[in-house]
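Reading through the structure tokens given below for one structure.
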Amino acid sequence: MTKQLHKVCRELLESGKVQVIIGYGQKDRGQPPHPVFITSPEEVEGLVWNDQCVANLTTYLTRKEIRALGKPAIIVKGCDARAIVVLQRESQIDRSAMVVIGMACNGVGEPRLAKCAACDAHVPAHVDITIGEAVSEPVDPERRYNDLNVFMTQSTDERMDYWQDELERCVRCYACRQVCPLCYCERCVADKNRPVRFSTAPTLKGNYAWHITRAFHLAGRCIGCDECTRACPAGINLRLLNLSVARAAENAFGYRAGLDPEAEPVIGSFSTQDKESFIK
Amino acid sequence: MVMNIYKPDLMKVLQVRQQTGDVKSVRIAFEDPARAAEFSFRVGQFGIFSAFGYGESTFNICSSSNWKDYIEFCFRKTGAVTEALWQIEEGDTIGFRGPYGNSYPMEEWEGRDLIFLGGGIAMPPIRCAIWYALENRDKYGHITVVYGARTTRDLVFQDELDEWAQHERTTIIRCVDPGGETPDWKGEIGFVPNVLKKAAIQARNAVALVIGPPIMIKNTLPVLSDMGLAERDIYTSLENRMKCGVGKCGRCNCGPVYVCKEGPVFSLEQMKHLPNDF
Amino acid sequence: MTHKQPHPDPDMTTFEPKIVAYVCNWCTYLGADLAGTNRLEYPPNVRIIRLPCTGRIDFNLIVKAFETGADAVLVSGCHPGDCHYTSGNYHARRRWTLFRELLDTLGIEMDRIHFTWISAAEGRKWQQVITEITEKTRQMGPYLAYKRICRVS
Amino acid sequence: MSTIIGGQVLRDMVNDWIGDGKRVGGPGYVGNHLILYRWLHRSDELLLESYPRPHNSIKEFLFPSHEKLYHYKIDGQHIELSEAVLPDAQQIIFAARPCDAASLPILDHVFNWDYRDVFYNRRRSLTTVVTLACQDHDAHCFCTSVGGGPDDERGSDAMLFALGQDQYEVRCFTDKGKALFEGKLEESTRVGKVGPGPERRLDLETVREFLKTDFESPLWERQTLRCIGCGACAYNCPTCHCFDITDEKVGSAGVRMRSWDSCQMAMFTVHASGHNPRSRQPQRQRQRIYHKFEIYPSKFGEILCTGCGNCSRVCPVGLGITPVLTAIQEEQAARAGTGAAQEAGREKVDQ
């Protein structure tokens, strides 16, 4: 697949169709692949593709430093590609001004990332070029949200104790926000002080308010690429919070983010027939 | 007593004057008489002012160091803290930490002509130096003040500008940006650099202090060089974002200096050693 | 550090729960007002915070209420179809559906958060809802887990 | 002559310390594969073998991620200030790595030049640091390139050297160290093993030359484009010490608090007018490298880095200090046109 990728990228650069390839490079074999920005055809050999290419590169599509490099081609896995669908639906990117290269993927990460166990996007959708083959079969919600279902068997007190221990380690480095392709706000609510919506100090109170806000501002938008969980230096399992909101959106409104570019965003729209069993 | 360098002194608000639509100047005095007695500062230093419940902000102390019974600061309403400070009235209590930073080398400037160039809200950091110079009038040569603002309503300390004009060997030039004048405006019309060029002040033995928005400083420096001022005779005060004021929090670090410790007052010559990072 | 929550059994009678009610200005607030004008008695434990519409009731406010010591939170507004801004309550309903799941995952006690529709004419329902919530919260005792979150900081 | 101690004796000592009110911080498992320094409750949480180093640093014990500076109470026009409660329990940092302990003498400078930081100094005086010499290292470690090493004594009060079969040689360097192990050590002739330490691949002289001349070099842009601007590198670095001061009021009383901050955050240097001297991410990455390898050394005579490698270990996009310094070295080598030029050429294929 790497050979094919080099050929495709060289053509794109030489034809001038794109000015930069956002892909994975691995200069030092001892370290995992990292994002690179290839601007000249001879550098294309530096691109790699293996099951260590875990980063979701779409987070760079909304950055001014990267936009300044010109029209991009971006290499995505199946889960990453869904972020492009949401970014397009939220008019943050001009989908026609980029070339999306989808790589067939059978799971990444060493040990294999949790998201890959229930992946139904081995073959990326809504991409311009697909490289490699894989088989994508649908996954039933039971298996998709298995981690969450297992976690929810604990009692409320046990869950509260679990999160108090976990969120105590958060030091508010905001890696979960900076690595997320859908956290693209110019100035995050955490950085505003008129009013100060929640404490910016890494106290337990501030951390609860921050992680609730982060998870809920991605309600019906998070595509489950789990970059936040991978990037967290304190090892907090943010995946559970994202799954919780995603499962609610699927159960209540049959909605999953990033699948259909035409679908109405779940929080942005409403239906008069929505169920309201919890409202007295 | 273990010194908590981050704890402010409590200050009683003596007087609040509204200078313009969004600028106020506030006089404060130490609540603790012992602190009031031992407190001293040099013109050009700044302090960090607290609005409890909101936070702290950095402003120059704009009163002369010779005035012992109060210190004054001036601010524009732009953010959370300044909006809170906007509500204070006489008798309230706010916090003050300082004095921090270096100061104008008034001793070095003795015997020299002084040119003060201020733009918009930058008059307060200059005002303290002007009052200090006027109070030691014989030590300094000719004093020229060129003070510009966008419109006539944006000029700060206008009453004091008139008072300064009474002093001998002192020239006060006020100007407003083109279109900012009112029909009865007697001052100059134009930007500070052009007004300065037009005023054609002889600068043989002069020292200049330029404070204002970066655009004004950039355009004024060449004019001053043309007038024959050496780079070491042109001073400015950098406006870096600051938090601790005591050289710990790393915010104001610009090249080899911590602006809150080795600055904010720099000569143009010193600024040549700073990277383009402020 | 395990944060085992000691079983709350303070003396039942003396504990006065603090309840925060975020209400929409056009229906529930008028409903509460109607309860007042009709001299309908209801426990004074509720602190009413008026907002233009349930659509404006940000999820952060529910967290903020617990942060400042609330033992229960009520969010109430116009019945679907009555909204002064036509669709505020529909959006709110969708938001609460997802938000409840997130809080539940975080181990927040969901029976301390109540959602109701109360129209301007339902003064009696307002009285009944507040009385019911106050009693229920009094049984559950103060919300020690969240108080510990805020105190531990 | 050397002094040794059994692993079980060590673990009992840790339990005793915790028992009589001392706070003990050390490396322990979080989840099933992440190792972090944390306050310990029992000694069996402690982890002494089979890992290069934890992902965070002991900075948390001396310069915590948030700390109350002072309290205030508002009634009407009057305000009452009160001091924050400073810790007074003895603290023992156990089984720290030499590259963590080495950060303490470095941080002493910034917290004590001109104004003295009473919070840091109080915790520093209460703390005894017992380090564990390194047996192995991973691809991120570069302590030997910044004057450190697997048995670097800087900042340690005592150091343990693994002897195998749960036995450790103990070397006490300071009175605090001696006092801690008073009467617990046995005489022996056995000397503890020390790992080889990473081979030197960074030469700080060439880096500093580059930094002195190339503030505007396009290398910064090329090398740091992938930085996403989070604070993971700064918050897990033993020597990064920037902080923010915030105010939190509930009702009529409140507290002024200091929390970690980082020059990588977009809002770090923004002016009230909105002007931001460092508005682009490469500028912020440049500032981090300058502050550590040019500014702090010229101001305090110490490199603000102990080579622990945490910045690249936790970086979500594989950046940190090593990739940038390596690129600088190649640029210098290429410029010098020495034999290394071809080698640099081969590297040219990729940033």
Side-chain angles (χ1 to χ4, degrees), chain B residues 2-13 31 48 50-58 75-76 78-82 84 88-95 100 121 213-214 238-258 261-262 275-278, chain D residues 69-70 72-74 76-84 86 110-111 113-122 215-216 234 240-249 252-254 256 258 261-263 267-278 283 286-287 290-291 294-296 298-299:
Chain B
V2 176
M3 251 291 281
N4 178 353
I5 51 177
Y6 304 104
K7 190 151 81 83
D9 285 303
L10 292 180
M11 312 291 283
K12 184 63 68 186
V13 174
E31 283 190 356
I48 295 190
S50 285
F52 290 101
Y54 296 91
E56 293 175 316
S57 280
T58 307
F75 65 94
R76 165 179 286 157
T78 52
V81 173
T82 44
I88 57 174
E89 292 131 5
E90 275 85 358
D92 284 352
T93 304
I94 66 170
Y100 294 136
I121 178 72
L238 285 187
E239 294 277 326
N240 284 54
R241 175 78 182 268
M242 291 177 193
K243 208 57 162 167
C244 71
V246 288
K248 300 282 186 287
C249 79
R251 222 168 221 63
C252 67
N253 175 225
C254 164
V257 298
Y258 279 70
K261 293 297 298 161
E262 282 98 350
N276 177 8
D277 198 21
F278 50 85
Chain D
L69 298 176
Y70 53 90
Y72 61 85
K73 221 170 164 14
I74 303 171
Q77 291 194 315
H78 179 62
I79 287 180
E80 209 192 299
L81 293 184
S82 55
E83 289 289 347
L86 286 175
V110 70
F111 283 118
W113 80 298
D114 201 359
Y115 289 87
R116 313 178 75 81
D117 187 306
V118 68
F119 300 93
Y120 173 81
N121 290 339
R122 165 64 69 92
F215 189 79
E216 300 294 348
C240 270
H241 55 269
C242 291
F243 58 85
D244 184 17
I245 298 177
T246 50
D247 183 311
E248 281 181 25
K249 178 159 77 81
S252 66
R256 283 275 164 83
R258 135 165 111 179
D261 204 345
S262 159
C263 55
M267 305 280 291
F268 190 63
T269 52
V270 73
H271 294 189
S273 65
H275 168 67
N276 188 353
R278 291 185 216 124
Q283 293 169 315
R286 174 180 61 195
Q287 164 65 16
Y290 261 86
H291 191 221
E294 168 55 29
I295 295 165
Y296 203 87
S298 61
K299 203 176 260 303

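Every chain is numbered from 1 and lettered A, B, ... according to where its sequence line falls, protein lines coming before strand lines.
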Worksheet entry | B:L10 side chain reached by D:E80 side chain, heavy atoms, under 4.5 Å | no
Response to the item:
The interface call for B:P213 against chain D, heavy-atom contacts under 4.5 Å, is neither
Worksheet item: Using a cut-off of under 4.5 Å for heavy-atom pairs, which of D:V110, D:N276, D:I245 has the most such pairs with chain B?
Response: D:I245
Worksheet item: In this structure, are over 12 heavy atoms from other groups packed under 6.0 Å from D:F111 atom CZ?
Response: yes
Worksheet entry | Residue part contacting chain B, namely of D:I74, when any heavy atom lies under 4.5 Å | side chain
Discussion item. Report which part of D:E248 has an atom under 4.5 Å of a heavy atom belonging to chain B: side chain, backbone, both, or neither.
Written reply: neither
Discussion item. We want to know whether B:N253 and D:Q287 form a side-chain donor-acceptor pair, criterion being a heavy-atom distance below 3.5 angstrom.
Written reply: yes
Worksheet item: Which atoms of D:R258 come close to chain B, meaning under 4.5 Å heavy atom to heavy atom: side chain ones, backbone ones, both, or neither?
Response: side chain
Worksheet item: Given that the side chain runs from C-beta out, which part of B:S57 has a heavy atom under 4.5 Å from chain D: side chain, backbone, both or neither?
Response: neither
Item to complete: Output the distance between atom CG (B:D277) and atom CZ (D:R278), rounded to the nearest 0.5 Å.
Response: 4.5 Å
Discussion item. Looking only at the side chains, is there a donor atom on one of B:Y6 and D:R256 sitting less than 3.5 Å from an acceptor on the other?
Written reply: no
Worksheet item: Hey, is the main chain of D:Q77 close enough, under 3.5 Å, to the side chain of B:D92 for a donor-acceptor pair?
Response: no
Item to complete: Identify the heavy atoms of B:V257 and D:K299 that sit nearest to each other, and give their distance.
Response: CA-NZ, 4.3 Å
Item to complete: Select one option (side chain, backbone, both, neither) describing which atoms of B:E262 are under 4.5 Å from chain D's heavy atoms.
Response: side chain
Response to the item:
Cut-off 4.5 Å, heavy atoms of chain D, and the answer for B:C244 is both
Worksheet entry | Nearest-0.5 Å distance, OG1 of residue D:T269 to CG of residue B:N240 | 8.5 Å
Item to complete: Evaluate the ring planes of B:Y100 and D:Y115, with Trp represented by its six-membered ring, and classify them as parallel (under 30°), tilted (30 to 60°) or perpendicular (over 60°).
Response: perpendicular
Discussion item. Before you tell me yes or no, could you show the steps for B:M3 and D:R116 under side chain to side chain contact (heavy atoms under 4.5 Å, CB included), namely the whole-Å CA-CA distance, both residues' side-chain angles and the distance that decides it to 0.1 Å?
Written reply: CA-CA 8 Å; B:M3 251 291 281; D:R116 313 178 75 81; over 6 Å; no
Practice prompt. For the pair B:N4 (side chain) and D:L69 (backbone), establish whether a donor and an acceptor sit closer than 3.5 Å, ignoring hydrogens and angles.
Written response: yes
Worksheet item: Does D:V118 reach the side chain of B:I5, with side-chain heavy atoms less than 4.5 Å apart?
Response: no
Worksheet item: Is the side chain of B:R241 donor-acceptor paired with the backbone N or O of D:V270 at a distance under 3.5 Å, no angle test?
Response: yes
Worksheet item: When rounded to the nearest 0.5 angstrom, what distance separates CZ in D:F268 from SG in B:C249?
Response: 6.0 Å
Discussion item. I'd like to check D:W113 versus B:V246 (side-chain heavy atoms, cut-off strictly below 4.5 Å). Are they in contact?
Written reply: no
Item to complete: Name the region of D:F215, side chain, backbone, both or neither, that has any atom closer than 4.5 Å to a heavy atom of chain B.
Response: side chain
Response to the item:
Heaviest contributor of heavy-atom pairs below 4.5 Å to chain D, chosen from B:G91, B:G79, B:C254, is B:G91
Worksheet, complete the sentence: In B:K243, B:R251, B:K248, the residue satisfying salt bridge (charged side-chain N to carboxylate O under 4.0 Å, His left out) with D:D261 is B:R251
Worksheet entry | Check: B:T78 side chain, D:A272 main-chain N or O, donor-acceptor pair, under 3.5 Å | no
Worksheet, complete the sentence: One should read off an interatomic distance between D:T246 OG1 and B:E56 CD, to the nearest 0.5 angstrom, of 10.0 Å
Worksheet item: Checking heavy atoms, do the side chain of D:F119, its backbone, both or neither come under 4.5 Å from chain B?
Response: side chain
Worksheet item: Side chain, backbone, both or neither: which part of D:Y72 has a heavy atom under 4.5 Å from chain B?
Response: side chain
